[in-house]
Amino acid sequence: MTATREPILTVRGLEKHFPIKGGGLIKRTVGAVRAVDGLDLDLYPGEVLGLVGESGCGKSTTGRAILNLQPATGGSVKFEGRELVGLDRKAMRPLRRDIQIVFQDPYASLNPRLPVFDIVAEPLIIHGLTKDEAELRERVRTLVETVGLNPEHTNRYPAEFSGGQRQRIGIARALALEPKVLVLDEPVSALDVSIQAGVINLLEDLKERLGLSYLFIAHDLSVVRHISDRVAVMYLGKIIEVAPRDELFDRPTHPYTQALLSAIPLPDPRRERSRQRIIITGDVPSPANPPSGCRFRTRCQKFANELTDTQREKCLTVEPPLESRGPAHQSACHYAAATQVL
Amino acid sequence: MSIVKDLDPAAPLLTVEDLNVRFPTEDGLVHAVRGVDYTLRSGEVLGIVGESGSGKSVTSLAVMGLLPASARVSGSVKYRGQELLGQGDRAMSRIRGKGVSMIFQDPMTSLDPVYRVGYQIEETLRVHDSKLSSKAAQARAADLLTMVGIPNAAERVRSYPHEFSGGMRQRVVIAIAMANQPDVIIADEPTTALDVTVQAQILEVLQTALSETGAAMVLITHDLGVVAGIADRVLVMYAGRPVEIGGVEDIYYEPRMPYTLGLLGSLPRLDSSTKQRLTPIKGSPPSVVNMPPGCPFAPRCPLHVAECDVTEPELVDVGGGHTAACIRIDEVRKAHGEAAAVFDETADDRLLGSEQPADLSAAAGTEDVGAPGDPVGERTDPAPQAGTGSLLDATTTPSTSTDGDRR
């Protein structure tokens with residue numbers, strides 16, 4: 001559906017390596033945590049791209065590197081054709097009108113000493129977008145109403161709001177500059193289920209009404225399936241599979257995607273108890289020292305149980321590239337095969 | 001001493017009756033648990049679900065006698081007929097680990113960082129069996145680690161907790177919990193701190209632990225998926241009280257309490273490709289300081305009627321050992337587990353956390369001082385129309401300012 005359009009955001013070979021300093025007086029760099037290690041993404045206008053993975057796979061770092069909040073150490077991020085990597089704060093500022101972020105923790109991302117009005121008005125003032133006080137008031141009021149909060153309450157402080165409401169304040173602040181792209185970094189994972197659903201519905205409505213594009217970063221695949229048009233799965237700093245939503249959930253081809261989908265318990269006793277589960281062993285390896293060849297081979301059920309020694313040789317030595325598995329569907333596995341796991 | 005002898009093998013494994021927990025705070029007495037009753041039968045898994053602040057963890061800490069001294073606990077907790085509330089720490093330590101053991105949420109903090117994991121397991125064993133030789137304890141510790149799936153257990157007993165990953169530490173915690181073949185294991189959010197692939201591993205280890213020890217389990221979680229897979233019966237908590245108890249299939253397919261129905265409707269489904277809208281529950285849970293009379297869920301309930309505010313409903317039997325605390329059970333029955341039949345999908349959150357009356361959203365709409373065409377109702381509209389002169393139109397077409405207040 002999006003193949004013919006130009007992407008609004010193009011990420012190529014993005015790298016974010018954090019240096020590991022040695023002990024002692026002279027802090028020499030002794031290695032690097034390769035949090036994001038050569039990542040390619042395209043975000044199309046009006047699209048929700050879900051970015052999923054387990055903790056430590058680099059999905060939040062990706063979001064921050066795209067926004068230049070943590071400068072990338074390599075690769076390229078292009079927004080509407082303009083390169084963002086390497087821009088300094090000043091050069092980045094006008095672009096911040098177009099790309100905004102909503103953070104995970106609504107308790108930490110709002111200044112507790114500012115009333116809600118000031119929090120939402122701050123971007124408008126910084127970017128000089130209002131002529132006078134009355135206009136500012138009107139705009140903040142409209143924004144607060146847009147996210148489903150009572151505009152009478154903007155003189156209150158964040159502490160007087162619940163988690164779900166705070167996340168709505170964070171969304172209002174991100175919308176203040178009328179951005180084209182929103183990076184949503186785990187926007188609902190700190191919220192209880194009944195509250196989370198309201199915020200998800202709000203995000204869906206806003207996307208339709210404002211024509212936004214979302215990069216939706218999350219670890220909860222149920223939420224991602226619900227909201228995304230396409231889904232990219234990350235493992236140890238790389239995308240290992242990307243596909244349109246139903247294609248990914250119904251015909252995953254990468255063993256990691258299959259294990260991930262299979263691991264999630266379904267809130268349906270009969271289906272949950274009749275499922276065959278793929279259980280992968282071990283934990284995610286350290287991103288400071290990723291395995292040779294395929295990064296997933298140390299936990300891969302296919303590598304462990306199905307492949308012959310000669311086939312394994314390729315997993316050990318050659319890093320699998322993202323290859324096409326069908327329309328808009330790519331995965332990085334030498335022995336990819338679609339399986340139904342749900 | 002006496003407590004172990006007084007056990008009645010015929011009595012139910014664990015009976016909790018009218019359990020109340022109050023914490024004195026600056027804001028007044030926080031009534032965190034307001035009358036919990038349940039009976040755990042041998043070999044069963046009872047899932048306790050609820051959102052944060054519903055009192056599910058405090059309930060289990062009260063059962064174990066692990067609440068701080070300032071907490072005021074009343075009611076009754078009987079393990080095999082023996083009252084546990086009011087027992088001293090010495091008497092309780094004979095029960096803890098041996099009769100009832102506990103798995104905590106955070107494996108990063110529930111192990112002691114300065115002792116080897118093997119020692120921590122041996123300690124649990126020797127506390128309950130003074131005749132156990134240290135050699136036998138060591139061997140048993142290694143066996144237990146093997147049972148919970150830790151490779152090279154004979155060597156790993158000499159590791160410190162920091163040498164293990166989160167999933168591995170939780171395996172150690174489970175090994176400690178099952179070390180003395182307890183009758184009851186209380187697991188408080190045992191997989192919440194873990195990634196999904198590790199969660200799947202740990203749930204499997206928990207099943208192993210149950211079949212190895214034959215223990216019954218109380219599984220406390222907010223994850224309705226975990227409960228669906230492992231529990232036999234489910235207790236749903238809201239504002240410090242059970243609001244629905246029943247067999248796992250009854251709770252998921254035929255809930256009778258609107259809150260349970262709302263929770264299920266709020267969950268996005270991994271196994272469904274239809275983009276069905278979620279049905280959130282408006283508002284947020286009440287503060288348990290100075291609860292008003294009436295049903296605590298009433299302010300958020302779509303089936304709310306004036307009668308709901310009079311008294312708090314008791315759990316009533318709806319058949320087949322299934323009870324629910326609601327006076328509008330018949331209306332909920334008609335939904336047959338379809339939340340959309342009762343809840344709507346409004347994205348409005350303006351009522352939350354305020355002391356405003358429930359009809360505020362209508363009031364706020366009429367006295368709205370925004371632009372005359374400003375569609376207050378639009379934010380609740382799933383399919384909004386264009387051309388209403390709001391911020392939204394200005395943003396979709398940023399070049400043409402339609403209302404003059406945005407550039």
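The sequence lines fix the lettering, A, B, ..., with proteins before strands; numbering per chain opens at 1.
- Counting heavy atoms from C-beta on, the side chains of A:Pro265 and B:Gln199 come closer than 4.5 Å.
- Expressed to the nearest 0.5 Å, how far CG of A:Leu191 lies from OG of B:Ser266 amounts to 12.0 Å.
- With hydrogens and angles left out, the side-chain atoms of A:Arg299 and B:Thr197 include a donor and acceptor closer than 3.5 Å.
- Heavy-atom pairs under 4.5 Å with chain B peak, among A:Glu272, A:Arg270, A:Arg271, at A:Arg270.
- Between chain A and the options B:Ser52, B:Gly167, B:Gly149, the largest number of non-hydrogen pairs under 4.5 Å is found for B:Ser52.
- Ranked by heavy-atom pairs shorter than 4.5 Å toward chain B, the options A:Ser262, A:Ala197, A:Gly282 are led by A:Ala197.
- Counting heavy-atom pairs closer than 4.5 Å to chain A, the top residue among B:Ala231, B:Pro151, B:Gly53 is B:Ala231.
- Atom-to-atom distance recorded for A:Ile264:CD1 and B:Leu270:CG is 5.0 Å, nearest 0.5 angstrom.
- Judged purely by atom type and a 3.5 angstrom limit, A:Arg273 uses its side chain to pair as donor or acceptor with the backbone of B:Ala228.
- Looking at A:Arg225 and B:Asp271, no side-chain N of the basic residue comes within less than 4.0 Å of a carboxylate O on the acidic one, giving no salt bridge.
- Proximity of B:Leu267 to A:Ser222: side-chain heavy atoms (C-beta onward) are nowhere separated by under 4.5 Å.
- For A:Ile200, the part lying under 4.5 angstrom from a heavy atom of chain B is the side chain only.
- Interface remark: B:Tyr259 contributes no atoms to any contact with chain A (heavy atom separation under 4.5 Å).
- Looking at B:Gln201, its side chain does come within 3.5 Å of a backbone N or O of A:Ile280 through a donor-acceptor pair.
- A salt bridge is absent between B:Glu204 and A:Arg277; no separation between the charged side-chain nitrogens and carboxylate oxygens falls under 4.0 Å.
- From B:Thr279, atom OG1 reaches atom CG of A:Asn201 across 8.0 Å, with rounding to the nearest 0.5 Å.
- Heavy-atom distances place the backbone of B:Ile230, and not its side chain, under 4.5 Å from chain A.
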Test log, rule side chain to side chain contact (heavy atoms under 4.5 Å, CB included), inputs B:Tyr252 and A:Asp268: CA-CA 7 Å; B:Tyr252 280 80; A:Asp268 183 334; 5.8 Å; no
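- Looking only at atom types and distance, the side chain of A:Ser194 has a donor-acceptor partner in the side chain of B:Glu51 under 3.5 Å away.
- To the nearest 0.5 Å, the span separating CG on B:Leu194 from CG on A:Asp283 amounts to 9.0 Å.
- Using a 4.5 Å cut-off between heavy atoms, A:Glu54 touches chain B through backbone and side chain atoms alike.
- Put simply, OG on B:Ser272 and CZ on A:Phe249 are 11.0 Å apart, with the number rounded to the nearest 0.5 Å.
- B:Asp195 places a side-chain N or O within 3.5 Å of a backbone atom of A:Ser55 that can act as its donor or acceptor partner.
- Heavy-atom distances place no part of A:Leu203 under 4.5 Å from chain B, backbone and side chain included.
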